[in-house]
Amino acid sequence: MSKTSKTATLSFDDKTLELPMMSPSAGPDVIDIQKLYAQGGVFTFDPGYTSTASCESTITFIDGDKGELLYRGYPIEQLAEKSHFLEVCYLLLYGELPTAAQAEDFESRVTNHTMLHEQMQNFFRGFRRDAHPMAVMVGVVGAMSAFYHDSTDINDPWQREVAAIRMIAKMPTIAAWAFKYSLGQPFIYPRNDLDYASNFLRMCFAVPAEDYEVDPILARAMDRIFTLHADHEQNASTSTVRMASSSGANPFACIAAGIACLWGPAHGGANQACLEMLREIGTVDQIPEYIERAKDKDDPFRLMGFGHRVYKNFDPRAKVMKESADEVLDLMGIENNETLKVAKELERIALEDEYFIEKKLYPNVDFYSGIILDAMGFPTSMFTPLFAVSRTVGWITQWKEMISDPMLRIGRPRQLYTGPTRRDYIEVENRG
Ligand code: ACO
């Protein structure tokens with residue numbers, strides 16, 4: 001970010017402050033308010049950070065009005081079509097697409113870290129079988145700092161690199177084992193001769209009793225889902241990772257915090273909530289009733305998979321997902337899928353409805369992803385863990401960017417306090 005000659009003038013009471021402005025390489029200019037409190041004695045108020053840039057970043061950019069998502073400058077549609085997840089991981093982590101030699105070296109480094117410390121199996125076995133896989137993932141990923149102490153020193157660039165590779169490599173194993181544990185099936189070890197997505201599908205669906213052949217079309221669809229979810233600017237879970245790491249916490253603890261945040265239905269949990277909603281709607285003729293409920297201010301119901309804090313146009317990832325949904329259902333021989341019909345019709349009706357047009361509510365990435373994952377054989381409880389597998393590279397890239405920034409400061413927002421002012425303690429006999 002470069003400082004510009006522009007300044008913003010802020011006047012209040014008898015003060016006038018000249019605030020410096022900065023220009024990004026894309027997106028709106030930024031007013032630098034870092035000295036606002038020191039110079040003006042006031043805070044700004046921005047719950048939900050709707051107008052606040054919390055950091056400087058070079059990784060991902062969204063143009064919400066155009067419906068554009070760029071990883072290191074490359075449009076998501078091009079990456080989804082031409083690239084693959086591990087290449088995207090390299091791009092995000094190191095800023096450039098790899099040469100053939102760099103790609104080979106990176107893929108072999110990730111592949112050689114896919115196994116989990118054997119002792120971690122005991123950790124898994126401590127959970128109840130009916131635990132949500134996200135609960136297991138928060139616990140197991142947090143526990144990685146107890147198993148991999150040799151990559152927790154955030155001041156050592158080599159340890160940071162090893163932690164990044166370990167996270168990307170082991171997260172599919174953790175998610176697959178959380179799934180296997182919930183099914184009461186044996187854990188399946190990773191196979192390093194398979195690509196990232198195929199290895200993950202095999203760890204989820206193979207059993208020791210028989211061979212499991214990964215369908216390349218399903219592997220491609222899985223890989224694309226990973227790519228589409230790999231990073232997304234300063235979303236809630238990424239900001240959580242950054243906030244946790246600002247105190248100097250180790251990377252495994254920070255990613256566990258990100259997973260906890262991702263679990264919520266307004267964020268990563270939306271794909272599960274969306275499929276459940278589409279199933280609840282059930283048939284096309286029920287759609288108008290649900291559209292009315294979504295518009296009713298007194299009804300807490302929202303159309304899951306619709307709306308986004310940043311996109312005020314189509315989420316570009318939703319378009320790719322819609323195509324993938326058709327491909328996967330076709331491959332699985334699932335014809336006339338009622339849920340897909342409901343989704344397509346719901347999208348059509350909502351996009352013509354004044355309420356949704358006026359509020360610029362469009363389908364987001366979660367609208368079609370649940371249908372694909374369901375067709376692949378994943379239960380809804382695995383949808384958010386899959387999102388966590390994909391987003392790990394984004395979290396770790398943003399974490400690395402933050403830790404290597406010489407300007408790193410602990411994240412410590414201010415508040416607009418509206419509680420009681422100072423008062424003296426009242427003895428219990430005098431209360432009432
Ligand atoms: N259905 C109905 N109305 C909606 C919806 C929706 N899905 N989303 C937003 N609105 C309405 C709100 O009621 C509000 O109306 P108002 O101005 O009359 O009060 C207006 O649109 C703006 O909504 P906000 O909640 O203020 O928008 P915000 O940017 O804070 O929220 C969010 C974004 C959380 C994604 C929201 O659109 C939502 O809850 N969507 C459903 C959940 C979902 O799909 N989440 C996935 C996000 S993508 C991801 O995490 C990968």
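In listed order, ligands and their atoms are each counted from 1. For the numbers below, each heavy atom of this structure counts, side chains included, while hydrogens, waters and symmetry mates do not. What you are looking at is a predicted structure, and each value in this text was computed from that prediction instead of being measured.
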Checklist line | Check: D366 N/O within less than 3.5 Å of ligand 1 N/O | finding: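 No, no N or O pair falls under 3.5 Å.
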Checklist line | ligand 1 N/O within reach of A266 N/O, cut-off under 3.5 Å | finding: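 Between A266 and ligand 1 (N or O atoms, distance only) the closest approach is under 3.5 Å.
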Margin query: Holding to side-chain contact (heavy atoms from CB on, under 4.5 Å), I want the full list of residues that pass it with D105, two or more places apart in sequence or in another chain.
Written below: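 Listed in chain order: R109.
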Check: Looking at atom 48 (S) of ligand 1, what's its closest protein heavy atom, distance included?
Finding: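 Of every protein heavy atom, H308 CD2, 3.5 Å lies nearest to atom 48 (S) of ligand 1.
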Next item on the list: Look at atom 5 (C) of ligand 1 and say which protein heavy atom is nearest, naming residue and atom and giving the distance to 0.1 Å.
Entry: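 Answer for atom 5 (C) of ligand 1: L361 CD1, 3.9 Å.
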Notebook entry, point to check: Measuring to protein heavy atoms, does anything land under 4.0 Å from atom 22 (C) of ligand 1?
Noted result: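 No, there is no protein heavy atom closer to it than 4.0 Å.
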Checklist line | atom 29 (O) of ligand 1 touched by protein heavy atom at under 4.0 Å | finding: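 There is a protein heavy atom less than 4.0 Å from atom 29 (O) of ligand 1.
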With heavy atoms only and a cut-off of under 4.0 Å, state how [X] meets ligand 1: side chain, backbone, both or neither.
X	answer
T50	neither
N235	neither
H229	neither

Checklist line | Any residue meeting ring pair (Phe, Tyr, Trp, His ring centres under 6.0 Å) with H232, in chain and number order, not counting sequence neighbours | finding: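 Scan of H232 (ring pair (Phe, Tyr, Trp, His ring centres under 6.0 Å), adjacent residues dropped) gives H308, Y311.
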Please determine whether a side-chain nitrogen of the Lys or Arg among [X] and [Y] lies less than 4.0 Å from a carboxylate oxygen of the Asp or Glu.
X	Y	answer
D65	K312	no
E276	R279	no
R220	D215	no

Margin query: Any heavy atom of F301 closer to ligand 1 than 4.0 angstrom?
Written below: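 The answer is no: ligand 1 sits nowhere under 4.0 Å from a heavy atom of F301.
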Notebook entry, point to check: Can a non-hydrogen atom of K297 be found less than 4.0 Å from any atom of ligand 1?
Noted result: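 Contact present.
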Next item on the list: Return yes when atom CZ of R129 has more than 12 non-hydrogen atoms of other residues, nucleotides or ligands closer than 6.0 Å, and no otherwise.
Entry: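 More than 12 within 6.0 Å, yes.
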